[in-house]
Amino acid sequence: MRGVTSALWLAVPVLALPAADLFERQSTCAAAATYDAVNEKGLPDPWKFANGKAVATKEDWACRQEEMSKIMQQYELGDYPPPPDSLTASISGNTMTLNIKVGSNSKTVTVGLNKPTGGGATGGPAIIGVGGISIPVPAGVGRINFGNDACAAQQNPNSHGTGWFFDLFGRSHSAGATTAWAWCVGRIIDGLEQLGPEQTGIDPKRLGVTGCSRNGKGAFMVGALEKRIALTIPQESGSGGAACWRVSDSEKSKGKNIQTAGQIVGENAWFSPRFNSYTSKTNTMPEDHHFLAALVAPRGLFVIENDIDWLGPVSTTVCMKAGRQIYKALGVGPNMGFSLVGGHSHCQFPSATTANLNSYIDAFLGAGGKTNDVETSKATVSMDEWTQGWSAAPALNLSA
Ligand code: MCU
């Protein structure tokens, strides 16, 4: 008996990895340090890892999402940093104050809250407005005002490096403004989590994000990079948001007055300086903006567009239909909607779209239920041209 016990004791140190360590190792995805450029006319295949391996399981998909995020950071977004070293939140009335520390840098930021009503002890839902809100927000849903320009400026290409994100990380940090905004919104959510619904009236598990135009590009990036967002509603984000770079380049070559990658980096600081090397050869990037939808999946996503040429109605339709294909293959098709309704001015929400919008708000921020599974666009597109090279979709069921 004694012999058996000591044999067990001997065996234990060999096997005994701390449980947390073991789980961490098991769940680690094989990420490369950098991802090679490609030469692909069509939209890159979401179902194949960069090393050629097929995405076959839910675990594979989680790793592929991590990889797609890393690839986008390498080619156009710049690095999306981990959470800060410390964050302390306090609240007075409707103003939340955040004290944030990264290394030896610190920053104090205030955020205006418009608290939801009727949320009870668990708090109610709220929508974060990136630089304002231009969708109709249902009664009772709170609003959070994210002053994105103060986080990372968007005046012109030279504004890269200005704002409290860069005060914390240094002026030469690689993040584009939209990437920085995603990180800054993450800090607002940290504050809401820390204070809890008792103090804020907000349930941090029922948060939406929206923004229009340039700020719609930002809202999309927030949803793609910050996984605590339950519903992402980019409005008229166009190029740099719901449009795919390759498709916009193709439309431009057909004579359309459309924003392209080449133009965008000369206009503003929305993307990383890293992107500058690829804007004249977007077909070499192992990513495009259908990956933004792939990164939001399976969470709620309702993409609103317009038929204004500059926004690229064909490009946003192709790109977001590709996004819907991804959602469908993940078994969560109705979680993503695409609504391109024209005939109104930029950032003017068409009232006929309200019922569809509300179906997503109810499903993800409210009582639940089904969305209207929207796919509306008058643009005629040929999806085959853009997705024919994709591997067979794996038919995963992420809703289970
Ligand atoms: C659609 O968003 C932008 C667009 O990308 C820019 O080229 C243009 O200058 O401004 C749009 C915008 O933000 O309008 C409010």
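All values derive from a computational prediction rather than experimental measurement.
One hydrophobic cluster, built from ILVMFWY side chains closer than 4.5 Å, cannot hold both Ile202 and Ile233; they sit in different ones. Tracing side-chain contacts under 4.5 Å through hydrophobic residues (I, L, V, M, F, W, Y), one reaches Phe291 starting from Trp390; they form part of the same cluster. Using a 4.5 Å cut-off between side-chain heavy atoms of Ile, Leu, Val, Met, Phe, Trp and Tyr, with links allowed through other members, Leu231 and Phe338 fall into different hydrophobic clusters. Met336 is not connected to Val374 by any chain of hydrophobic side-chain contacts under 4.5 Å among Ile, Leu, Val, Met, Phe, Trp and Tyr, and they are in different clusters.
Closest approach of Trp245 and Asp288 over heavy atoms only: N-OD1, 2.7 Å. For Asn397 against Ser399, the heavy-atom pair with the smallest separation is OD1-OG, 2.6 Å. Of all heavy-atom pairs spanning Leu357 and Phe349, the tightest one is CD2-CZ, 3.7 Å. Counting all heavy atoms, side chain and backbone alike, Pro273 lies closest to Ser174 at CD-O, 3.6 Å. Shortest non-hydrogen contact noted between Pro234 and Gly216 is CB-O, 3.6 Å. Glu193 and Pro204 get closest at one heavy-atom pair: CG-CB, 3.9 Å.
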List, one per line, each side-chain donor-acceptor pair under 3.5 Å for residues 294-310, sequence neighbours excluded.
{"from": "Arg299", "atom 1": "NE", "to": "Val296", "atom 2": "O", "distance (Å)": "3.2"}
{"from": "Arg299", "atom 1": "NH1", "to": "Gly223", "atom 2": "O", "distance (Å)": "3.1"}
{"from": "Arg299", "atom 1": "NH1", "to": "Glu226", "atom 2": "O", "distance (Å)": "3.2"}
{"from": "Arg299", "atom 1": "NH1", "to": "Ile229", "atom 2": "O", "distance (Å)": "2.9"}
{"from": "Arg299", "atom 1": "NH2", "to": "Gly223", "atom 2": "O", "distance (Å)": "2.8"}
{"from": "Arg299", "atom 1": "NH2", "to": "Leu295", "atom 2": "O", "distance (Å)": "3.2"}
{"from": "Arg299", "atom 1": "NH2", "to": "Val296", "atom 2": "O", "distance (Å)": "3.4"}
{"from": "Glu305", "atom 1": "OE2", "to": "Ser237", "atom 2": "N", "distance (Å)": "3.0"}
{"from": "Glu305", "atom 1": "OE2", "to": "Ser237", "atom 2": "OG", "distance (Å)": "3.3"}
{"from": "Glu305", "atom 1": "OE2", "to": "Gly238", "atom 2": "N", "distance (Å)": "3.0"}
{"from": "Asn306", "atom 1": "ND2", "to": "Glu236", "atom 2": "OE1", "distance (Å)": "3.2"}
{"from": "Asn306", "atom 1": "ND2", "to": "Glu236", "atom 2": "OE2", "distance (Å)": "3.4"}
{"from": "Asn306", "atom 1": "ND2", "to": "His344", "atom 2": "O", "distance (Å)": "3.1"}
{"from": "Asn306", "atom 1": "ND2", "to": "His344", "atom 2": "ND1", "distance (Å)": "3.4"}

Would you give me the side-chain donor-acceptor pairs under 3.5 Å for residues 46-55, sequence neighbours excluded?
{"from": "Asn51", "atom 1": "OD1", "to": "Lys53", "atom 2": "N", "distance (Å)": "2.9"}
{"from": "Lys53", "atom 1": "NZ", "to": "Asp60", "atom 2": "OD1", "distance (Å)": "3.3"}

Donor-acceptor pairs under 3.5 angstrom involving side-chain atoms of residues 111-137: please list them, not counting sequence neighbours.
{"from": "Lys115", "atom 1": "NZ", "to": "Gly93", "atom 2": "O", "distance (Å)": "3.3"}
{"from": "Ser134", "atom 1": "OG", "to": "Gln235", "atom 2": "OE1", "distance (Å)": "3.1"}

Expected list for residues 96-106: side-chain donor-acceptor pairs under 3.5 angstrom, two or more places apart:
{"from": "Asn99", "atom 1": "OD1", "to": "Thr108", "atom 2": "OG1", "distance (Å)": "2.6"}
{"from": "Asn105", "atom 1": "ND2", "to": "Asp167", "atom 2": "O", "distance (Å)": "3.4"}
{"from": "Asn105", "atom 1": "ND2", "to": "Leu168", "atom 2": "O", "distance (Å)": "2.9"}

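At a cut-off of 3.5 Å, with distance as the only test, no side-chain donor of Gln263 or Thr260 sits close to an acceptor on the other residue. Of the N and O atoms on the side chains of Asn215 and Asn148, at least one donor lies less than 3.5 Å from an acceptor on the other residue. Between the side chains of Gln154 and Asp149, at least one donor N or O sits under 3.5 Å from an acceptor N or O. With no hydrogens or angles considered, no side-chain donor-acceptor pair links Ser69 and Gln65 at under 3.5 Å.
Judged by distance alone, with hydrogens and angles left aside, the side-chain atoms of Trp386 form no donor-acceptor pair with the main-chain N or O of Pro44 at under 3.5 Å. With His290 contributing its side chain and Gln325 its backbone, the two residues share no donor-acceptor pair below 3.5 Å.
Note on Glu267 versus Arg214: salt bridge recorded, some NZ/NE/NH1/NH2 to OD/OE distance being below 4.0 Å. In summary, Asp190 and Arg228 engage in a salt bridge, as defined by a charged side-chain N under 4.0 Å from a carboxylate O. A salt bridge links Asp373 with Arg324: the closest approach of a Lys/Arg side-chain nitrogen to an acidic carboxylate oxygen falls below 4.0 angstrom. Under a 4.0 Å N-O distance rule, the pair Lys254/Glu251 qualifies as a salt bridge. Salt-bridge check for Asp249 with Arg246: failed, with every basic side-chain N at 4.0 Å or more from each acidic carboxylate O.
Residues passing the side-chain hydrogen bond (donor to acceptor under 3.5 Å, both in side chains) test with Thr371: none are found, sequence neighbours excluded. Remark: Lys321 pairs with Glu375 by the side-chain hydrogen bond (donor to acceptor under 3.5 Å, both in side chains) rule, at least two apart or across chains.
Residues Ile264 and Phe275 are in side-chain contact: their nearest non-hydrogen atoms beyond the backbone lie under 4.5 Å apart.
Pairs of residues two or more places apart, or lying in two chains, that qualify as side-chain hydrogen bond (donor to acceptor under 3.5 Å, both in side chains) and include a residue from residues 354-366 are Asn356-Asn372. Within the structure, every pair that satisfies the disulfide bond (SG atoms under 2.5 Å apart) test and touches residues 269-332, not counting sequence neighbours, is listed here: Cys244-Cys319. Residue pairs meeting the ring pair (Phe, Tyr, Trp, His ring centres under 6.0 Å) criterion with at least one partner in residues 113-141, sequence neighbours excluded, do not occur; the list is empty. Sequence neighbours left out, not one pair with a member in residues 85-133 passes ring pair (Phe, Tyr, Trp, His ring centres under 6.0 Å). Applying the disulfide bond (SG atoms under 2.5 Å apart) rule to pairs touching residues 65-163 yields Cys151-Cys184, sequence neighbours excluded.
Between Trp183 and Phe165, the ring planes are perpendicular. Angles over 60° get that label, and only those under 30° would be called parallel.
With rounding to the nearest 0.5 Å, the separation of CG in Leu365 from NZ in Lys205 is 14.0 Å. Summarising the geometry, atom CG belonging to Leu225 is positioned 5.5 Å from atom OH belonging to Tyr80; distances are rounded to the nearest 0.5 Å. Distance OG1/Thr57 to CZ/Arg64: 13.5 Å, rounded to 0.5 Å.
Both tests hold for Lys217 against Trp270: distance to the six-membered ring centre under 6.0 Å, angle to the ring axis within 45°.
The hydrophobic cluster analysis finds Ile258 isolated: no Ile, Leu, Val, Met, Phe, Trp or Tyr side chain comes under 4.5 Å of it, directly or through other members.
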